[in-house]
Every structure is written in C-alpha cells, then in structure tokens.
Amino acid sequence: MKQVEMRIYGMTCDDCVVTVKRGLKAVNGVLDAEVSLKEGKAIVKVDETKVNPENLENAEVFRTTRYRGEVRKIE
C-alpha cells in the first residue's frame, strides 16, 4: 500500500470535496481517499499492484470535471 498526497485545484465548496472524493474512490486500486477543501489536497491510499499512483492525475473525475489533481508525494 502507498499513500499519495495530491494537490487539488478547482474546489470551492463542500460539494466539490464530495465529488472529488467519490471520483478518487471509484478508481480501481484506491483503498481510501480523504479530501480537504481548506488545504486543497487529498490523501489517497492505493494498492500499487492495481494502480500506478502517478496515474491518479488522469482519474476520470479530473478528465470530466473542472477539477485537476497533481501528485505531490508518494510514500
């Protein structure tokens, strides 16, 4: 398991947080996602055997909405 810290751009409200969190959790291999509007970031736990952590930037939620995610750190 890896923990990925992402900077999330475009969020302005709690509904944005819910949308991004739901979108990240829909990715095969994502075990959990916590999204913070105040900090503008997400902490995502992934099974790296199912998903490349760097590919989270290309998650459907970022391709089909106005939000954009940028991987900052992988631990």
Side-chain angles (χ1 to χ4, degrees):
M1 182 178 75
K2 297 247 184 214
Q3 181 169 292
V4 182
E5 181 178 317
M6 299 184 75
R7 174 80 173 109
I8 308 296
Y9 299 95
M11 295 189 304
T12 58
C13 65
D14 290 336
D15 286 338
C16 299
V17 171
V18 170
T19 300
V20 171
K21 182 174 182 173
R22 190 175 293 145
L24 286 169
K25 286 181 138 186
V27 174
N28 184 32
V30 170
L31 305 172
D32 192 27
E34 292 302 322
V35 180
S36 170
L37 175 62
K38 182 179 176 184
E39 295 178 17
K41 73 177 187 177
I43 303 296
V44 187
K45 293 180 181 165
V46 300
D47 177 347
E48 68 275 13
T49 65
K50 294 183 179 178
V51 63
N52 179 340
E54 293 177 4
N55 286 345
L56 290 175
E57 293 179 358
N58 299 318
E60 185 174 348
V61 69
F62 301 129
R63 289 180 297 158
T64 60
T65 65
R66 62 188 167 112
Y67 313 116
R68 187 171 64 86
E70 177 182 20
V71 172
R72 291 285 176 95
K73 185 172 26 172
I74 300 171
E75 299 178 320

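In what follows, residues are counted from 1 in the order of the sequence shown. Values reported hereafter were calculated over all heavy atoms of this structure, with side chains retained and with hydrogens, waters and symmetry mates removed. Please read all numbers here as calculations on a predicted model, not as lab measurements.
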**Other residues, nucleotides, ligands: >12 heavy atoms within 6.0 Å of R22 CZ** =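 No, because the 6.0 Å sphere around CZ of R22 holds 12 heavy atoms or fewer from other groups.
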**Message:** Within the supplied structure, the quantity of interest is the number of heavy atoms (other residues, nucleotides, ligands) at a distance under 6.0 Å from K25 NZ; does it exceed 12?
**Reply:** yes
Nearest 0.5 Å please: distance from the [atom1] atom of [X] over to the [atom2] atom of [Y].
{"X": "E70", "Y": "E57", "atom1": "CD", "atom2": "CD", "value": "6.0 Å"}
{"X": "E75", "Y": "K2", "atom1": "CD", "atom2": "NZ", "value": "9.5 Å"}
{"X": "K45", "Y": "Q3", "atom1": "NZ", "atom2": "CD", "value": "5.5 Å"}
{"X": "E5", "Y": "E39", "atom1": "CD", "atom2": "CD", "value": "8.5 Å"}

**Message:** So does M1 get a backbone contact from the side chain of E48, meaning a donor-acceptor N/O pair under 3.5 Å?
**Reply:** yes
**Prompt:** Is R66 reaching over with its side chain to a backbone N or O of G10, donor-acceptor style, under 3.5 angstrom?
**Reply:** yes
**Apart from L56 itself, residues in the same hydrophobic cluster as defined by side-chain heavy atoms under 4.5 Å** = V4, M6, I8, M11, V17, V20, L24, V27, V30, V35, L37, V44, V46, V51, V61, F62, Y67, V71, I74
